[in-house]
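Worksheet: the structure to be examined is printed underneath.
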Amino acid sequence: MPFRPLTVILLDMNTAALTIPELTVIGIIAVTLALIAFTRLRIDLIALLVLLMVALTRLVPASDALSGFSSSVVITIIGLLVITRGLEQTGVMQWVARQLQAYGRGSEAKLIALVMMAGAAVSLLMNNVAAGAVLLPAVLQVSRDSGVSASKLMIPLAFGVTVGGMATYFTTANILMSELLIAQGIAGLGMFDFMPVGGMIVAAGLLYMLFFGRRLLPGRALLTQSFDQDDLHDTYELADRMWLVRVLPGSRLAHQTVQESDINAELGLTVAAVWRGRETITIPKSTQVIYPADELLIVGREERLQQLLAWGIELIEGGAQAVAGELPIEPIEIMIAPRSNAIGRTLSQMKLNRDAGLLAMALWRDGQSFHTDVRKMPLQVGDAILVVGQSSDIQNLSQNSNFILPAGEYSAQAIESRKAPYAVGITALVLALSFLNILPLPIAMLAGAAAMVLTRCLRMEQFYTAVDWRTIFLVAGMLPLSLAITETGLADRIGAFLELSLMNASPLLLFAAIALLTMLVVQVIGGQVTPLLVGPIAIKAALQMGIDPRAMAVAVAMACSLAFITPISHPVNILMMGPGGYKFSDFFKIGVGMTVVTLLTMLLGLALIWGV
């Protein structure tokens, strides 16, 4: 039987036999998909709306609708995120990144293998997105030192992190599928349940990338975060976007502050410096007053400059190039980190100039630099921002978890390296307690998180900031819908339909069909929500066909990581877009083959190890 989407299966069922609760669940699923696909609402807000819809329609009791906030999966994720932050704050993960830099020499093939293996190894113990963010600056430094284009290394890093996440319990989809098994009275999954098949996938993905995928990687010479000042000026084309102007008597700008002048609000231009006689004012504050005869260094497009000239401003021909190199400030490129509070906010709202003493001059997104209206553009994960400032101010910014700075000179210095043995010991103890079943994993994780604070690896404030509350509300909000799919009998109905349709087929066909369905849903709503929709149906189908439901849970969890085809299907892919200078099509060209190899290896592993 050919694979058909879930919506077609639902339509083929006897809709007259569907109960009101089942139809209500289908309606909520449809509304949820529509909100995700066609609105700009945040996914965590949509999850809360889903929770309210399930509760208000009384598909489950109110206590069950709120049970997601106290579920073991939420506690596990909180503990994992705090332990991850502890490993970062004590310098453990930075040490791993430095080893990557130290050994990052040799041929392109060697570097690709090294980067993929490093990504897979780090993601075994960390959230995938955090693993990618930790290794990104080091890989960019390796790119610069070796002369291998960043575009040859960023996709291998993203794919390495993703396949590594398949081999560990500590991936959100894997944790969720274990929780769904437990909710149905079936033994949950552990680390060793994912490792064998996941290890095969890591090896197969590495071989694919070395022998086939790397030939499809683009060889673009593009920005990296470790470029020197000349490289950054060239990459962002600053020479063509900087202008030196003089304020004439009677000018609209005269006796106005930078903010009052509306030079940025109305024209989208940036004032990078002010010369007043022999005085040089670098990175002027918004409260800086502009006087007649002041000379201003302006950044922006030429057509906006022409509008500015009408405000009583005189252009000094060739002046910008003459003075730009004399400024006692340096440019540096910073990136928006995953789960950053800057996501969706503008640079004006971030107030970098007021709070950090830095001036944003340009923004890089999707292979293009922007110099005008950059302070009005909502920021996205992976955006690169060219800022200028004093060395001390840049160093202070390295302590801000909202941004990723280059490896090396501006690596965060507020690292409690003396506490690194404590962080490693706590992590090892948590893993040992979990593997040996001495403590339930959520309790072990929570104990490890508390131990990070008790040993002063983290402060309590860092404990709270380490938690990605978007993910917590997303999971807690969607869990009631997953429960409703099971409680209303909809999962049983679809499972029975699949059993009837695949009565004489190989069990592997069911696994392949469910995996493909999961992969397609992931491309739309992401891997954190998909297991909560597909998981209950897949488990019921396995039970009704006499197939090991734990093997099916492993298959669905791993299929949630089949996010290679598009950059938007996984946050790690988005993070690599800017540094690698990738186009949407780059992921498709390389990701199709990676998807096929991963899927076939997964099915082979399930057959060999789980006896499917």
Side-chain angles (χ1 to χ4, degrees), residues 6-7 10 18-37 39 41-78 171-186 188-189 441-442 467-495 517-518 521-522 524-541 543 549 552-553 556-557 560:
L6 179 60
T7 51
L10 290 174
L18 288 171
T19 64
I20 296 298
E22 289 172 335
L23 288 171
T24 303
V25 171
I26 294 172
I28 291 175
I29 293 174
V31 170
T32 302
L33 295 176
L35 289 174
I36 293 173
T39 73
L41 294 177
R42 285 173 42 148
I43 186 69
D44 46 344
L45 175 58
I46 292 174
L48 289 179
L49 294 177
V50 168
L51 184 154
L52 291 172
M53 285 189 284
V54 171
L56 293 174
T57 53
R58 299 185 179 180
L59 292 172
V60 298
S63 58
D64 289 343
L66 298 173
S67 63
F69 290 100
S70 60
S71 66
S72 61
V73 63
V74 164
I75 301 302
T76 300
I77 292 173
I78 289 175
T171 301
T172 302
N174 301 9
I175 299 172
L176 284 171
M177 288 308 301
S178 179
E179 176 78 2
L180 292 178
L181 286 171
I182 295 172
Q184 298 196 37
I186 304 168
L189 299 168
L441 182 61
V467 179
D468 179 13
W469 296 106
R470 296 184 186 93
T471 299
I472 299 304
F473 278 86
L474 171 61
V475 171
M478 294 298 294
L479 272 173
L481 178 58
S482 181
L483 181 62
I485 292 173
T486 302
E487 293 295 321
T488 59
L490 184 61
D492 286 313
R493 183 184 296 275
I494 299 174
L517 169 64
T518 302
V521 177
V522 165
V524 179
I525 64 176
Q528 293 177 323
V529 178
T530 299
L532 295 171
L533 297 183
V534 179
I537 297 169
I539 292 172
K540 286 294 185 182
L543 288 171
M552 178 61 78
V556 172
C560 287

Measure the [atom1]-[atom2] distance between [X] and [Y] for me, rounded to the nearest 0.5 Å.
| X | Y | atom1 | atom2 | answer |
| --- | --- | --- | --- | --- |
| Ile46 | Ile36 | CD1 | CD1 | 5.0 Å |
| Leu35 | Ile43 | CG | CD1 | 9.0 Å |
| Leu181 | Leu176 | CG | CG | 11.5 Å |
| Ile175 | Gln528 | CD1 | CD | 10.5 Å |
| Leu49 | Arg42 | CG | CZ | 12.5 Å |

Are [X] and [Y] packed together at the side-chain level, in the sense that at least one heavy-atom pair is separated by less than 4.5 angstrom?
| X | Y | value |
| --- | --- | --- |
| Gln184 | Leu543 | yes |
| Asn174 | Leu189 | no |
| Leu18 | Ile26 | yes |
| Val556 | Met552 | yes |

Using residues 51-64 as the side-chain source, report each donor-acceptor pair under 3.5 Å to any protein atom, sequence neighbours left out, with the distance given to one decimal.
| unit_1 | atom_1 | unit_2 | atom_2 | d |
| --- | --- | --- | --- | --- |
| Thr57 | OG1 | Met53 | O | 2.6 |
| Thr57 | OG1 | Val54 | O | 3.2 |

Quiz item: What's the verdict on side chain to side chain contact (heavy atoms under 4.5 Å, CB included) for Lys540 and Ile494, showing C-alpha distance, side-chain angles and the deciding distance?
Solution: CA-CA 8 Å; Lys540 286 294 185 182; Ile494 299 174; over 6 Å; no
Quiz item: Backbone N or O of Gly527 within a donor-acceptor pair of the Thr530 side chain at under 3.5 Å?
Solution: no
Quiz item: Between Leu533 and Ile537, which heavy-atom pair has the shortest distance, and what is it?
Solution: O-CD1, 3.8 Å
Quiz item: Minimum heavy-atom separation for Gly68 to Val74, with atom names?
Solution: O-CG2, 3.1 Å
Just distance, no hydrogens or angles: give the donor-acceptor pairs under 3.5 Å from side chains in residues 476-491, sequence neighbours left out.
| unit_1 | atom_1 | unit_2 | atom_2 | d |
| --- | --- | --- | --- | --- |
| Ser482 | OG | Leu532 | O | 3.2 |
| Thr488 | OG1 | Ala484 | O | 2.7 |

Exercise. Name all pairs fulfilling the salt bridge (Lys or Arg N to Asp or Glu O under 4.0 Å) condition that reach into residues 24-35, sequence neighbours left out, sorted by first residue then second.
Key: none
